[in-house]
There are 2 protein chains.
Amino acid sequence: MSRRISDSTVRRLSHYLRALEELEGRHATTVSSDQLAARGGTTAAQVRKDLSHFGSFGKRGLGYSVAELAGRLRRILGVDRHWKVALVGAGRIGSALFEYPDFAARGFRLVAVLDRDPAKVGRVWGPVTISDISELERVVGERDIDLMILAVPGDAAQAIAERAVAAGARGLLNFAPTQLRVADDVPVTNVNLVMEMEALSFALTKDQTAS
Amino acid sequence: MSRRISDSTVRRLSHYLRALEELEGRHATTVSSDQLAARGGTTAAQVRKDLSHFGSFGKRGLGYSVAELAGRLRRILGVDRHWKVALVGAGRIGSALFEYPDFAARGFRLVAVLDRDPAKVGRVWGPVTISDISELERVVGERDIDLMILAVPGDAAQAIAERAVAAGARGLLNFAPTQLRVADDVPVTNVNLVMEMEALSFALTKDQTAS
DNA sequence: TCCTGTGAAACGGTTCACAGCC
DNA sequence: GGCTGTGAACCGTTTCACAGGA
């Protein structure tokens, strides 16, 4: 039952869930792998393979129940619960999270914000008050933080990651252009805008050479 | 010479370049694939394979010249030039770009910002003045935009993408949780914070089932 | 000796094709 | 007939292992 699930599979599951929620909004009751594939930018076979890792949710000749599959995916992805999230770095990157309406809708609750700038500490920021970075251990412990978002400069990221994990954080979302070294059982995902831009730059540069 | 280069390879090249630039700062002159691998979180063989797609830049028994390899990678990635970038959506996500110092350092020049909110239009925002979204075609044409960053709501993204491409944008960075449909020769990279959080959520949920 | 460059093997993910059930 | 679930074939990527040059 515990097959290793690839990263790309998880991404696609997210897509499927989003598509299903849209279908729920339109009161659709069933959906075929073909329809789901069209939205996720993949193939029907891929959809079925992805889902097959977790069980058999569909009915042959009929498709999948929208409501049931959405529920299953929420449970599989772990978004059928609330996650307590702390943000380190009360800057623009961090505040961008507020613009993602799905962020809260998917159960990610921002319950702490930390910053090292004394001018920011104590200010009310979104749903919470900014704490000093020296309070990290206490905040993570007392508020029972699950996930930590690191929106700090690259040279500070590793140290903060270590402190966060030691204090009890179970997963990290890292915006710094740094390869974090943490224990193997602590999942880390990296978001790096410059790297994404470079991917575009590369694609366009390659094209030139090809033509 | 024009082998198809995978996405993950390009990401690693970005890592290598970053590592090399740090080494340049320390006045290191040579580096081995082993050392580069350690920083990029990969293996020495992988580094050599990645580089071998583009030529033979190293010296056997010695390693790679830091300065030369950095130059080669900049050329390969296309960051040895300037790219003209436009941002649609003058919100928090867009402004987060200013916090990435590498953004400008890698040649990505923000030369236009567009928004549909009349209250924002005309305001000076970072290095430029905000234009109305209706000006998109004119702005893209006149300022010769290469890359377009879409920081707009999901339901607006597809239409804006189409307009941008028609007006001459050559690549898109999309923050909306939407699978954009554009011509095959227009590279698109997607950044979706909620999806990254869901990947963490999934990893932690899986762990529970395993234990 | 040291470290690169690279075929070959191993691995993992995607696609195919079809049996099986509605 | 329609659509799922899944073994098997396929294909791209990573790892291995070693020949060859500094």
Side-chain angles (χ1 to χ4, degrees), chain A residues 1-16 19-20 23 28-70 72-73 76 179 199 202-203 206, chain B residues 1-16 19-20 23 28-70 72-73 76 179 199 202-203 206:
Chain A
M1 181 58 190
S2 60
R3 185 98 101 290
R4 175 125 260 105
I5 303 299
S6 81
D7 230 50
S8 29
T9 301
V10 178
R11 292 249 177 98
R12 287 193 300 266
L13 295 181
S14 290
H15 270 126
Y16 305 153
L20 286 165
L23 289 169
T29 57
T30 59
V31 64
S32 68
S33 54
D34 235 341
Q35 292 169 278
L36 275 177
R39 295 163 165 282
T42 181
T43 66
Q46 183 77 77
V47 172
R48 298 199 298 274
K49 235 326 182 278
D50 288 340
L51 296 178
S52 77
H53 295 133
F54 303 96
S56 304
F57 310 134
K59 299 230 183 310
R60 294 172 194 230
L62 233 157
Y64 302 88
S65 150
V66 170
E68 191 206 322
L69 186 56
R72 298 273 195 161
L73 284 178
I76 289 166
Q179 195 71 18
F202 173 80
K206 259 290 107 183
Chain B
M1 180 57 188
S2 59
R3 186 100 98 290
R4 176 123 259 106
I5 304 299
S6 80
D7 229 51
S8 29
T9 301
V10 177
R11 292 249 177 99
R12 287 193 300 265
L13 295 180
S14 290
H15 270 127
Y16 304 154
L20 287 165
L23 289 168
T29 59
T30 59
V31 64
S32 67
S33 54
D34 236 340
Q35 292 168 279
L36 277 177
R39 296 165 164 282
T42 180
T43 66
Q46 183 76 78
V47 172
R48 297 199 298 275
K49 232 334 177 272
D50 287 341
L51 297 178
S52 77
H53 296 133
F54 304 97
S56 303
F57 310 134
K59 300 229 183 309
R60 295 173 193 232
L62 233 157
Y64 302 88
S65 150
V66 170
E68 192 207 323
L69 186 56
R72 299 274 195 158
L73 284 178
I76 290 166
Q179 194 72 18
F202 172 81
K206 258 293 102 188

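So that the names make sense, note that chain A is the first sequence line, chain B the second, and so on, each numbered from 1.
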Can you see which heavy atom on A:I76 is nearest to which on B:F202, and at what distance?
->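 A:I76 and B:F202 have their closest heavy atoms at O-CD1, 3.3 Å.
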With sequence neighbours left out, which residue pairs that include part of residues 51-60 of chain B fulfil the salt bridge (charged side-chain N to carboxylate O under 4.0 Å, His left out) condition?
->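 Every candidate salt bridge (charged side-chain N to carboxylate O under 4.0 Å, His left out) pair involving residues 51-60 of chain B fails, so no pair, neighbours aside, qualifies.
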Distance in angstrom units between [X] [atom1] and [N] [atom2], rounded:
{"X": "A:K59", "N": "D:dG5", "atom1": "NZ", "atom2": "P", "result": "9 Å"}
{"X": "B:D50", "N": "D:dG12", "atom1": "CG", "atom2": "C1'", "result": "14 Å"}
{"X": "B:H53", "N": "C:dT4", "atom1": "NE2", "atom2": "P", "result": "16 Å"}
{"X": "B:L51", "N": "D:dT14", "atom1": "CG", "atom2": "P", "result": "13 Å"}
{"X": "B:R11", "N": "D:dT14", "atom1": "CZ", "atom2": "P", "result": "12 Å"}
{"X": "B:D7", "N": "D:dT14", "atom1": "CG", "atom2": "P", "result": "11 Å"}
{"X": "B:L62", "N": "C:dC3", "atom1": "CG", "atom2": "P", "result": "9 Å"}
{"X": "B:Y16", "N": "C:dT4", "atom1": "OH", "atom2": "P", "result": "12 Å"}

Short side-chain N/O contact to [N] OP1/OP2 from [X], under 4.0 Å:
{"X": "B:S8", "N": "D:dT14", "result": "yes"}
{"X": "B:Y64", "N": "C:dG5", "result": "yes"}
{"X": "B:T43", "N": "D:dT15", "result": "yes"}
{"X": "B:Q46", "N": "D:dT15", "result": "yes"}

Distance-only criterion, 3.5 Å: show the donor-acceptor pairs between side-chain atoms of residues 36-46 of chain B and protein atoms not counting sequence neighbours.
unit_1	atom_1	unit_2	atom_2	d
B:R39	NH1	B:E22	OE1	3.3
B:T43	OG1	B:Q46	N	3.1
B:Q46	NE2	B:D50	OD1	3.3

Check nucleotides 6-10 of chain C against the protein and report each pair of N or O atoms closer than 3.5 Å, with its distance, or say if there are none.
unit_1	atom_1	unit_2	atom_2	d
C:dG7	O6	B:K49	NZ	3.2

With sequence neighbours left out, write down each residue that passes side chain to side chain contact (heavy atoms under 4.5 Å, CB included) with B:Q179, or none if nothing qualifies.
->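 Checked B:Q179 against side chain to side chain contact (heavy atoms under 4.5 Å, CB included); matches are A:H15.
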Under the side chain to side chain contact (heavy atoms under 4.5 Å, CB included) test, residues paired with B:S8 that sit two or more places apart =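 Listed in chain order: B:S6, B:R12.
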Just do the side-chain contact (heavy atoms from CB on, under 4.5 Å) check on A:L69 and A:Y16 with the steps written out, would you?
-> CA-CA 9 Å; A:L69 186 56; A:Y16 305 153; over 6 Å; no
With sequence neighbours left out, what residues match A:S32 under side-chain hydrogen bond (donor to acceptor under 3.5 Å, both in side chains)?
->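 Only A:Q35 meet the side-chain hydrogen bond (donor to acceptor under 3.5 Å, both in side chains) criterion with A:S32.
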Between the two end axes of the helix from C:dT1-D:dA22 to C:dC22-D:dG1, each built from 5 base pairs, what angle do you get to the nearest 10°?
->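 Answer for the end axes of this duplex: 0°.
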Test side-chain contact (heavy atoms from CB on, under 4.5 Å) on B:V66 and B:L20 and set out the steps.
-> CA-CA 6 Å; B:V66 170; B:L20 287 165; 4.1 Å; yes
Does anything in residues 33-42 of chain B reach DNA chain C, meaning a heavy atom under 4.0 Å, and if so which residues?
->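 Residues of residues 33-42 of chain B that come under 4.0 Å of DNA chain C are, in numerical order, B:S33.
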Who pairs with A:R11 by salt bridge (Lys or Arg N to Asp or Glu O under 4.0 Å), at least two apart in sequence or on another chain?
->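 Result, salt bridge (Lys or Arg N to Asp or Glu O under 4.0 Å) vs A:R11: B:E196.
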Criterion side-chain contact (heavy atoms from CB on, under 4.5 Å) on B:F57 and B:L73, from CA distance to verdict | CA-CA 10 Å; B:F57 310 134; B:L73 284 178; 5.8 Å; no
